[in-house]
*Asks:* 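The following block contains the structure, expressed as structure tokens.
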Amino acid sequence: MAAAGAPDGVEEPSMDAEAEAVAAEASARPLSCVEAEAAAGAAAEDSCEARGRLQPAPAQPPGDPAAQASVSNGEDAGGGAGRELVDLKIIWNKTKHDVRVPLDSTGSELKQKIHSITGLPPAMQKVMYKGLVPEDKTLREIKVTSGAKIMVVGSTINDVLAVNTPKDAAQQDAKAEENKKEPLCRQKQHRKVLDKGKPEDVMPSVKGAQERLPTVPLSGMYNKSGGKVRLTFKLEQDQLWIGTKERTEKLPMGSIKNVVSEPIEGHEDYHMMAFQLGPTEASYYWVYWVPTQYVDAIKDTVLGKWQYF
């Protein structure tokens, strides 16, 4: 049966058909000013809504722990991010500590790191890597490589306070007594060695300069008997090796009580030097023709800067 109001045999358009017709008519005719303005506003709202959906999540603040990279145990957390790091083995008191520090850290900053690990005050530290580590130079400048062993010698404040003072007093008295004597190089026991003259293969000297210990043994020198002698500083073992043609003595640096030296008259760019291995001067081991630029480095390496004699 045909719907009411429609001619027989003609189907009345559905509501969807009417809507499509209205839409077609609207698209076919120009929009009025009011209609155009309404359409533009709707498009703008759609655009804003889309941008809101695409807006990235706010960045985490710099102090947010989730935004910070994790730091491995021993790594320098003070400014290490983004800097080239180097892994080191810190050896102190027969204990090894694995640390990671920036390669551009200075020797002073390394001492602070060691202090945080061992409790050893920087002023009481003797830090060695192929000689004493300068406080004002970076690890990169002294060519420290990953996996390097850094030897640390020193005592805590409590250890220093526990040391008996008679030892220091005795050494100071010995030094004062030594100053009253005639120059060492004029004494008969030394003249018989010095009169042989400077060894042909002695290492070059630089008068008025101070240098770190070389990476090779100090060689070409004489001992008290006039034989050739060489000094090798084994910092990893905290030992001084005194080698001759016959044998090599391996001495713990802590067993050396004192180091004395004096320029050789007429050859002030070389020194004669003695290592005190026992309680008296009779235990001195004499070495002649030590290049002057290494004298202070030898004393610092063997005795440490905190010694008061």
Side-chain angles (χ1 to χ4, degrees), residues 107 126-137 141-143 151 153 175 178-179 181-236 238-251 253 256-277 281 283-305 307 309:
K126 181 170 64 171
V127 182
M128 293 175 289
Y129 175 75
K130 299 179 181 179
L132 283 176
V133 174
E135 293 192 358
D136 57 343
K137 292 187 179 296
E141 288 176 320
I142 62 174
K143 296 179 172 54
M151 191 74 190
V153 180
K175 186 174 182 179
E178 181 182 331
N179 291 335
K181 299 178 181 179
E182 64 178 338
L184 294 171
C185 59
R186 296 182 186 176
Q187 295 178 16
K188 183 178 180 180
Q189 59 174 327
H190 303 302
R191 287 301 337 161
K192 63 180 182 180
V193 179
L194 295 175
D195 287 345
K196 294 178 63 175
K198 183 169 63 175
E200 294 181 357
D201 57 345
V202 70
M203 298 180 71
S205 64
V206 183
K207 188 175 182 180
Q210 293 184 359
E211 297 182 7
R212 298 170 56 206
L213 291 176
T215 56
V216 297
L218 292 174
S219 60
M221 301 169 291
Y222 289 141
N223 59 17
K224 192 173 181 178
S225 62
K228 287 296 182 66
V229 64
R230 65 183 177 276
L231 303 178
T232 305
F233 295 87
K234 293 290 185 178
L235 303 182
E236 295 80 3
D238 196 27
Q239 293 180 346
L240 168 62
W241 291 10
I242 302 178
T244 62
K245 184 178 180 180
E246 294 78 19
R247 61 180 179 176
T248 297
E249 295 286 348
K250 300 179 180 180
L251 306 174
M253 292 189 189
I256 301 175
K257 306 297 187 297
N258 198 8
V259 180
V260 298
S261 68
E262 180 185 284
I264 299 174
E265 284 187 340
H267 301 275
E268 281 72 16
D269 49 342
Y270 288 93
H271 281 227
M272 50 187 296
M273 176 176 287
F275 301 95
Q276 184 177 346
L277 308 182
E281 293 185 9
S283 66
Y284 280 2
Y285 188 98
W286 287 98
V287 178
Y288 304 87
W289 303 102
V290 179
T292 185
Q293 69 268 25
Y294 300 128
V295 170
D296 287 341
I298 292 174
K299 290 182 178 179
D300 288 343
T301 300
V302 173
L303 300 177
K305 289 186 176 181
Q307 299 288 337
F309 49 85

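On a predicted model such as this, the values are computed, not experimentally measured, just so you know. Both backbone and side-chain heavy atoms feed into the values below; hydrogens, waters and symmetry mates do not.
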*Asks:* Before giving the answer on side-chain contact (heavy atoms from CB on, under 4.5 Å), spell out for Glu268 and Thr292 the whole-Å C-alpha distance, their side-chain angles and the decisive distance to 0.1 Å.
*Replies:* CA-CA 8 Å; Glu268 281 72 16; Thr292 185; over 6 Å; no
*Asks:* Lys130 side chain to Leu213 main-chain N or O, any donor-acceptor pair under 3.5 Å?
*Replies:*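 Checking the backbone N and O of Leu213 against the side chain of Lys130, no donor-acceptor pair under 3.5 Å is found.
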*Asks:* Mind checking the CE-CD spacing from Met272 to Gln187? Nearest 0.5 Å is all I need.
*Replies:*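 One gets 7.0 Å once the value is rounded to the nearest 0.5 Å.
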*Asks:* Show the numbers, then the answer: is there a side-chain contact (heavy atoms from CB on, under 4.5 Å) between Tyr288 and Lys224?
*Replies:* CA-CA 8 Å; Tyr288 304 87; Lys224 192 173 181 178; 4.2 Å; yes
*Asks:* Measuring only between side-chain heavy atoms, which start at C-beta, is Leu240 closer than 4.5 Å to Thr232?
*Replies:*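 A side-chain contact is absent here, since even the closest heavy-atom pair is not under 4.5 Å.
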*Asks:* Got Tyr129 and Met151 here, is their nearest side-chain heavy-atom distance under 4.5 Å?
*Replies:*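 Side-chain contact under 4.5 Å: no.
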*Asks:* Just to verify, what does Tyr294 make a ring-ring contact (aromatic ring centres under 6.0 Å, His included) with, not counting sequence neighbours?
*Replies:*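 Tyr294: no ring-ring contact (aromatic ring centres under 6.0 Å, His included) contacts found.
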*Asks:* To the nearest 0.5 Å, what is the distance between CE (Met253) and CE (Met128)?
*Replies:*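 If I round to the nearest 0.5 Å, the distance is 6.0 Å.
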*Asks:* Using side-chain heavy atoms (C-beta onward) and a distance below 4.5 Å, is Glu265 in contact with Leu194?
*Replies:*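 In short, these two side chains do not touch, never coming nearer than 4.5 Å.
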*Asks:* Please check: side-chain N/O of Arg191 versus main-chain N/O of Cys185, any donor-acceptor pairing under 3.5 Å?
*Replies:*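 Judged by distance alone, yes, a pair lies under 3.5 Å.
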*Asks:* Please tell me if the side chains of Arg230 and Thr248 come closer than 4.5 Å, counting only heavy atoms from C-beta onward.
*Replies:*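 In short, these two side chains touch, coming nearer than 4.5 Å.
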*Asks:* Does a side-chain heavy-atom distance below 4.5 Å link Ser219 with Asp201?
*Replies:*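 The answer is no, as the side chains (C-beta and beyond) never meet within the 4.5 Å cut-off.
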*Asks:* Any chance NZ of Lys250 has more than 12 other-residue heavy atoms, nucleotides or ligands included, within less than 6.0 Å?
*Replies:*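 For Lys250, atom NZ is not crowded (no more than 12 foreign heavy atoms under 6.0 Å).
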*Asks:* Kindly compute the distance separating OG1 (Thr301) from CG (Leu231), expressed to the nearest 0.5 Å.
*Replies:*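 Thr301 atom OG1 to Leu231 atom CG measures 11.5 Å (nearest 0.5 Å).
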*Asks:* Kindly check if the number of other-residue, nucleotide or ligand heavy atoms within 6.0 Å of CZ (Arg186) is above 12?
*Replies:*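 Counting neighbours around CZ of Arg186, 12 or fewer heavy atoms of other residues, nucleotides or ligands fall under 6.0 Å, so no.
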*Asks:* Work out which heavy atom in Lys126 is nearest to a heavy atom in Asp300; give both atom names and the distance.
*Replies:*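 That closest heavy-atom pairing would be CD-O, 3.0 Å.
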*Asks:* Which heavy-atom pair separates His271 from Val295 by the least distance, and what is that distance?
*Replies:*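 Nearest heavy atoms, His271 then Val295: CG-CG2, 3.7 Å.
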*Asks:* Could you measure the distance from the CG atom of Leu251 to the CG atom of Asp238? Nearest 0.5 Å is fine.
*Replies:*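 It comes to 11.5 Å.
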*Asks:* Taking all non-hydrogen atoms of both residues into account, name the closest pair between Val193 and Gly226 and its distance.
*Replies:*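 Heavy atoms only, the tightest pair is CG2-N, 4.5 Å.
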*Asks:* Kindly indicate whether the side chain of Leu218, heavy atoms from C-beta on, has any atom under 4.5 Å from the side chain of Ile298.
*Replies:*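 They are in side-chain contact.
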*Asks:* If you compare all heavy atoms of Met203 against all heavy atoms of Pro217, which two are closest, and at what distance to 0.1 Å?
*Replies:*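 Closest approach of Met203 to Pro217, heavy atoms only: SD-O, 3.9 Å.
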*Asks:* Can you find a pair of side-chain heavy atoms, one from Leu132 and one from Val127, that are under 4.5 Å apart?
*Replies:*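 When only atoms from C-beta onward are counted, Val127 and Leu132 do not touch, as no gap falls below 4.5 Å.
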*Asks:* Evaluate side-chain contact (heavy atoms from CB on, under 4.5 Å) for Val229 paired with Tyr285, printing each intermediate quantity in order.
*Replies:* CA-CA 11 Å; Val229 64; Tyr285 188 98; 3.8 Å; yes
*Asks:* Taking all non-hydrogen atoms of both residues, which atom of Leu303 and which atom of Lys257 are closest, and how far apart?
*Replies:*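 Nearest pair, atom of Leu303 first, then Lys257: CD2-O, 4.2 Å.
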*Asks:* Rounded to the nearest 0.5 Å, what separation is found between the CD1 atom of Ile256 and the NZ atom of Lys299?
*Replies:*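 Output value for this atom pair is 13.5 Å.
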*Asks:* Can you tell whether the side chains of Glu249 and Arg247 come within less than 4.0 Å, N to carboxylate O?
*Replies:*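 Looking at Arg247 together with Glu249, the answer is yes, because their closest N to O distance falls below 4.0 Å.
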*Asks:* Report the residues that fulfil ring-ring contact (aromatic ring centres under 6.0 Å, His included) with Tyr270, sequence neighbours left out, ordered by chain and then residue number.
*Replies:*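 By the ring-ring contact (aromatic ring centres under 6.0 Å, His included) rule, Tyr270 matches Trp289.
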*Asks:* Locate the shortest heavy-atom distance separating Met273 from Val290; write the atom from each residue and the value.
*Replies:*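 Closest heavy-atom pair between Met273 and Val290: CB-CG2, 4.1 Å.
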*Asks:* For Gln210, look at atom CD and say whether over 12 heavy atoms of other residues, nucleotides or ligands are found less than 6.0 Å away.
*Replies:*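 Atom CD in Gln210 is not packed in, count stays at 12 or less.
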*Asks:* With a 4.5 Å heavy-atom cut-off, do Val206 and Glu211 have their side chains touching?
*Replies:*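 Yes. Closest side-chain heavy atoms under 4.5 Å.
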*Asks:* Could you check whether the rings of Trp286 and Tyr284 sit parallel, tilted or perpendicular, using 30° and 60° as the cut-offs?
*Replies:*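 Plane angle over 60°, so perpendicular.
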